Amino acid sequence: IYKPNLINLKKAKKNIENNNVIGVPTETVYGLAGNAYSNKSVTKIFKLKKRPTFNPLIIHFKNLRDLNNDAILNKTFKRLYKVLCPGPITFILKKKSKSKISEIAIARKKTIAVRIPKHKVARNLLKILKVPLAAPSANISSKLSPTCANDVVDEFGSKIKFILDGSQCQIGLESTIIDLTGKPTLLRPGSITAEKIQKILKKKIAINK
Ligand code: AMP
Ligand code: MG
């Protein structure tokens, strides 16, 4: 477990560049993060988590400009982005054909789940990286999600060599997921509620559970 100072953030960057998988805090839960452009890196994530290969990962970006390289940003997205980002919400968007995101990371879909996290440590890491991070929760599939660095150690032991410490996660609940590829549809509830989204969009959204 490493303090998130500049030296250690640079070590984290090196790990990501070498396609290693590391533990990273976000405001929701701790993530198991790897280079989203690298098949090698994201394959490690699926293996570590024992996650079925058909279940796509959420891709984390530092800002809108980077996001624009890989996803098509529609009007509804831009409206929600203005109010809710950075924050604990994930958007399903259409993937750009020129996107460099690993096909394995997104389970060969034409859509991609994207998030711009708010946690200082996640942001500071993304800021010094040239690539987005594929980062699902740092737990074995179907187990409880980790909300502190020690939870990640308990789950993976020596299989994860590097974890950035971001203290206790503020929210401790997975991000809200909303599909914006068609009529806005809530796919997973979270701390940002359907009501809040409806207020911003000034219309009803569908709820799919
Ligand atoms: P996790 O990373 O473990 O928090 O889980 C990510 C969730 O996002 C999973 O339930 C996925 O099914 C969902 N997800 C990721 N990508 C997509 C996508 N392109 N379309 C719909 N759901 C997605
Ligand atoms: Mg999860």
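Both ligands and their constituent atoms are indexed starting at 1 by order of listing. In this chain, numbering begins with 1 at the start of the sequence shown. What you see is a predicted model, and the numbers here were worked out from it, not measured in a lab. All values below come from the heavy atoms of this structure, side chains included, with hydrogens, waters and symmetry mates left out.
No heavy atom of Lys49 sits closer than 4.0 Å to any atom of ligand 1. At least one heavy atom of Asn55 sits closer than 4.0 Å to an atom of ligand 1.
Scanning the protein heavy atoms around atom 4 (O) of ligand 1, the nearest turns out to be Arg188 NH1, 3.1 Å. Taking atom 1 (P) of ligand 1 as the reference point, the nearest protein heavy-atom neighbour is Arg51 NH1, 3.8 Å. With hydrogens left out, the protein atom closest to atom 19 (N) of ligand 1 is Thr111 OG1, 2.9 Å, a heavy atom. For atom 14 (N) of ligand 1, the closest heavy atom belonging to the protein is Pro56 CG, 3.8 Å. Closest to atom 13 (C) of ligand 1, if we only count protein heavy atoms, is Ile177 CD1, 4.0 Å.
Remark: the backbone N or O of Gly87 is paired with a side-chain donor or acceptor of Arg115 at under 3.5 angstrom. Formation of a donor-acceptor pair under 3.5 Å by the Glu155 side chain with backbone atoms of Ile140 is found in this model. Remark: side-chain polar atoms of Asp66 are not paired, donor with acceptor, to backbone N or O of Val131 under 3.5 angstrom. Without hydrogens or angle criteria, Thr26 side chain to Pro117 main chain gives no donor-acceptor distance under 3.5 Å. Between the side chain of Lys44 and the main chain of Asn19, a donor-acceptor pair closer than 3.5 Å is present.
Side-chain contact check for Leu180 versus Leu80: some heavy-atom pair is nearer than 4.5 Å.
With sequence neighbours left out, the ring-ring contact (aromatic ring centres under 6.0 Å, His included) criterion links Tyr81 to Phe77.
Of all atoms in ligand 1, numbered sequentially from 1 with element shown, those under 4.0 Å from a heavy atom of Ala113 are 15 (C), 16 (N), 17 (C). Each of the atoms 18 (C), 19 (N) of ligand 1 lies under 4.0 Å from some heavy atom of Lys109. When each atom of ligand 1 is checked for a heavy atom of Ser137 under 4.0 Å away, the hits are 3 (O).
With a 6.0 Å radius and a threshold of 12 heavy atoms from other residues, nucleotides or ligands, Lys100 has its NZ atom at or below the threshold.
Inspection of the environment of the Mg ion (ligand 2) yields the following protein N, O or S atoms under 2.8 Å: Ser137 OG.
One finds no salt bridge joining Glu195 and Lys199 here, because no Lys/Arg side-chain nitrogen approaches an Asp/Glu carboxylate oxygen to under 4.0 Å.
No side-chain donor-acceptor contact under 3.5 Å links Ser175 and Thr28. In this structure, a donor-acceptor pair under 3.5 Å is absent between the side chains of Lys127 and Asn63.
The proximity of Ile92 to ligand 1, defined as any non-hydrogen pair under 4.0 Å, is limited to the side chain.
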